[in-house]
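Everything on this sheet refers to the single structure shown next.
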Amino acid sequence: MGIASINPATGETLKEFDALTSDAIALKLDQAERAFQQYRHTPMADRARWLNAAAQVLSDRKEEFGKLMTLEMGKPIKAAIAEVEKSAWVCRFYADNAAEFLADVPIATDASRSFVRYQPLGIILAVMPWNFPFWQVFRFAAPALMAGNVGILKHASNVPQSALAIEEVIRQAGFPDNVFQTLLISANQVEQVVADERVKAATLTGSEPAGASLASQCGQRIKKTVLELGGSDPFVVMESADLETAVATAVTARMINSGQSCIAAKRFIVQDSIYDTFLEKLTERYRALKVGDPLLPEVEIGPLATPAILEDLDHQVKLGVEQGAQLIVGGDRSQLPTQADPRLKVGTFYPPTILSEVPIDAPIAQEEFFGPVAMVFRVADVDEAIRVANHCPFGLGASAWTQVPEEGDRLVNDIESGCVFLNSMVKSDPRLPFGGIKRSGYGRELGREGIHEFVNIKTVWIQ
Ligand code: NAP
């Protein structure tokens with residue numbers, strides 16, 4: 001696949017780009033290293049001022065950037081604008097808090113004085129996905145730049161205009177030249193960047209194969225990585241749950257970004273006694289969801305980002321049925337209203353779909369569905385709910401619904417995931433660490449922990 005913006009709602013090619021040559025990559029890395037040698041000495045107050053200015057640029061231009069994302073990858077426009085606002089929030093959060101997160105930490109020992117000091121590492125490579133084109137990048141860039149590092153972005157090949165717009169935001173905010181650069185390169189050019197000794201570490205948000213490939217390239221060269229990979233988050237609903245709220249939240253949690261979110265709830269694990277009512281209410285809400293042109297503010301589900309994602313999802317649903325699941329709603333693109341619209345007919349739309357009674361041991365139950373498809377599982381009690389929740393290679397987030405405190409404790413303690421949200425949906429928040437375990441990756445972004453991933457944690461002993 002080349003580097004191009006293609007509107008997934010209409011199939012129209014908006015803009016194409018040539019990948020950088022190997023010499024051009026080397027030049028960008030030279031510029032990044034020179035920038036780092038100056039930037040590492042800039043006062044924290046200056047960095048905070050620039051980052052707050054970046055937040056202001058984002059707020060001022062949120063409609064423009066929101067529309068750009070919607071056109072490039074199909075995100076419904078309201079959510080796209082909200083994503084730009086959230087990106088401004090993470091900038092403000094680190095501008096306000098980085099000085100405290102990175103302050104020296106005194107530690108009592110038998111030295112005259114001993115403490116921990118946090119220092120920048122240098123050039124950090126960020127390989128990012130298309131599903132949250134602004135948010136994913138700013139949640140990397142805000143802490144990295146506050147810590148005094150410089151950033152190199154290799155964004156997904158289908159969102160080059162967003163990638164360039166982000167570089168422009170940083171420039172417009174007044175940061176020194178080249179502290180953040182976008183490299184329009186393909187995935188197989190990433191190794192040249194990793195191999196450069198001036199690049200000190202890398203972070204990747206995306207699929208397992210991409211994460212494994214980058215991590216092995218970095219491992220061979222002893223460079224640190226943070227990986228934020230896939231997820232198939234459980235959403236556990238016990239008998240005592242507030243069912244109306246749980247069902248309404250289930251729909252929101254599954255449908256974030258038309259279902260293409262790592263932390264979308266993907267496996268609904270429901271206690272037997274309320275299973276039928278839950279499914280009935282969920283189906284009713286699914287039928288009411290509005291699929292269509294993502295530029296229209298009332299549309300809730302836009303197209304999937306690329307034809308390949310559509311094809312994969314359709315294939316997974318068919319496999320699910322072959323493996324014993326019941327198709328309750330959706331699963332058939334020909335019924336979509338977009339099929340009757342000549343402009344949207346070629347768009348990569350997929351209907352909200354429910355697979356119920358998914359056999360727990362079906363191979364498909366172990367896979368991530370990256371689109372508006374819910375799998376529903378029936379369980380007898382909290383023990384079985386935890387077993388099913390954990391019977392999955394991923395461990396990113398989990399949402400659990402119960403009014404019984406002991407059950408809540410069990411679910412919080414025993415679900416294997418990077419976070420558990422009780423009686424609420426999983427969401428990322430600049431104030432809270434974010435990341436997974438198992439095949440969802442390692443390391444953390446956001447919060448205090450996020451800014452400590454790419455720093456030298458230097459021990460100082462003074463006698
Ligand atoms: P992807 O194919 O892995 O792409 C992600 C990024 O990695 C893109 O920039 C891609 O570049 C690059 N890439 C792909 N193969 C690579 C390789 N061998 N070496 C270096 N870079 C490589 O991911 P996707 O399928 O588009 O994105 C969806 C996945 O991301 C899902 O599994 C989702 O759950 C996960 N995700 C995780 C989080 C989280 O925080 N845990 C957040 C969002 C998404 P090209 O576009 O040029 O191929």
| said: Within 45 degrees of the ring normal and closer than 6.0 Å to the centroid, is that where the cationic atom of Arg254 sits relative to Phe235? | reply: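 No cation-pi geometry.
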| field | Six-ring centre of Tyr39, Arg47 cation under 6.0 angstrom, axis tolerance 45° | value |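 Verdict for Tyr39: a cation-pi partner in Arg47.
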| request: Would you please test Cys91 and Leu58 for side-chain contact (heavy atoms from CB on, under 4.5 Å) and show each step? | output: CA-CA 10 Å; Cys91 291; Leu58 288 166; 4.2 Å; yes
Answer yes or no: does atom [atom1] of [X] have more than 12 heavy-atom neighbours from other residues, nucleotides or ligands under 6.0 Å?
X      : atom1 : answer
Arg439 : CZ    : no
Lys224 : NZ    : yes
Asn413 : CG    : yes
His315 : NE2   : no
Gln119 : CD    : yes
Lys438 : NZ    : yes
Gln366 : CD    : yes

Taking the side chain as C-beta and beyond, is there a heavy-atom pair between [X] and [Y] under 4.5 Å?
X      : Y      : value
Lys67  : Ile77  : yes
Thr203 : Val127 : no
Leu183 : Ile25  : yes
Phe434 : Arg444 : no
Gln172 : Gln56  : no
Val236 : Ile386 : no
Ser5   : Met73  : no
Gln161 : Lys15  : yes

Between [X] and [Y], does any side-chain donor sit less than 3.5 Å from a side-chain acceptor?
X      : Y      : result
Trp89  : Ser87  : no
Gln316 : Glu367 : yes
Glu72  : Ser162 : yes
Asn188 : Ser186 : yes

| task | Would you give the length of the straight line joining atom CD1 of Ile256 to atom CD1 of Ile263, rounded to the nearest 0.5 angstrom? | result |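 It comes to 5.0 Å.
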| message | Suppose we call two aromatic rings close when their centres sit under 6.0 Å apart. Are Phe134 and Phe65 close by that rule? | response |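 Yes - the distance between ring centres of Phe134 and Phe65 falls below the 6.0 Å cut-off.
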| task | Give a yes or no on whether the ring-centroid distance for His452 and Phe101 is below 6.0 angstrom. | result |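 No - the distance between ring centres of His452 and Phe101 does not fall below the 6.0 Å cut-off.
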| query | ring pair (Phe, Tyr, Trp, His ring centres under 6.0 Å) between Phe180 and Phe175: does it pass, once the steps are laid out? | reply | CA-CA 9 Å; Phe180 182 92; Phe175 276 97; 8.9 Å; no
| salt bridge (charged side-chain N to carboxylate O under 4.0 Å, His left out) between Glu300 and Lys290, intermediate numbers included | CA-CA 5 Å; Glu300 294 161 293; Lys290 195 161 167 37; over 6 Å; no
| query | Would you call Arg61-Glu64 a salt bridge at under 4.0 Å N-O? | reply |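 So Arg61 pairs with Glu64 through a salt bridge.
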| query | Are Lys318 and Asp314 ion-paired here, with the side-chain N under 4.0 Å from a carboxylate O? | reply |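 Salt bridge present between Lys318 and Asp314.
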| Step-by-step salt bridge (charged side-chain N to carboxylate O under 4.0 Å, His left out) determination, Arg139 to Glu445 | CA-CA 7 Å; Arg139 80 183 190 183; Glu445 295 188 282; 2.9 Å; yes
| said: The test is salt bridge (charged side-chain N to carboxylate O under 4.0 Å, His left out); show your working for Arg448 and Glu100 and say whether it passes. | reply: CA-CA 9 Å; Arg448 180 185 290 275; Glu100 185 216 321; 2.7 Å; yes
| said: Going by ring-ring contact (aromatic ring centres under 6.0 Å, His included), name the residues that satisfy it together with Phe132, two or more places apart in sequence or in a different chain. | reply: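 Applying ring-ring contact (aromatic ring centres under 6.0 Å, His included) to Phe132 gives none.
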| task | Before giving the answer on side-chain contact (heavy atoms from CB on, under 4.5 Å), spell out for Leu121 and Ile124 the whole-Å C-alpha distance, their side-chain angles and the decisive distance to 0.1 Å. | result | CA-CA 8 Å; Leu121 293 177; Ile124 313 295; 4.2 Å; yes
| What do the steps show when you test Ile451 against Met146 for side-chain contact (heavy atoms from CB on, under 4.5 Å), and what is the final call? | CA-CA 8 Å; Ile451 201 168; Met146 280 311 294; 4.2 Å; yes
| request: Return the minimal non-hydrogen interatomic distance between Pro76 and Gly302, and the atom names on each side. | output: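 The answer is CG-N, 3.9 Å.
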| request: Tell me, with the steps shown, if Tyr286 and Thr353 meet side-chain hydrogen bond (donor to acceptor under 3.5 Å, both in side chains). | output: CA-CA 8 Å; Tyr286 258 52; Thr353 298; over 6 Å; no
| Step by step, would you call Leu355 with Phe268 a side-chain contact (heavy atoms from CB on, under 4.5 Å)? | CA-CA 10 Å; Leu355 293 173; Phe268 296 86; over 6 Å; no
| task | Please work out which of the three classes, parallel, tilted or perpendicular, describes the rings of Phe370 and Trp130, given edges at 30° and 60°. | result |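 Ring orientation of Trp130 relative to Phe370: perpendicular.
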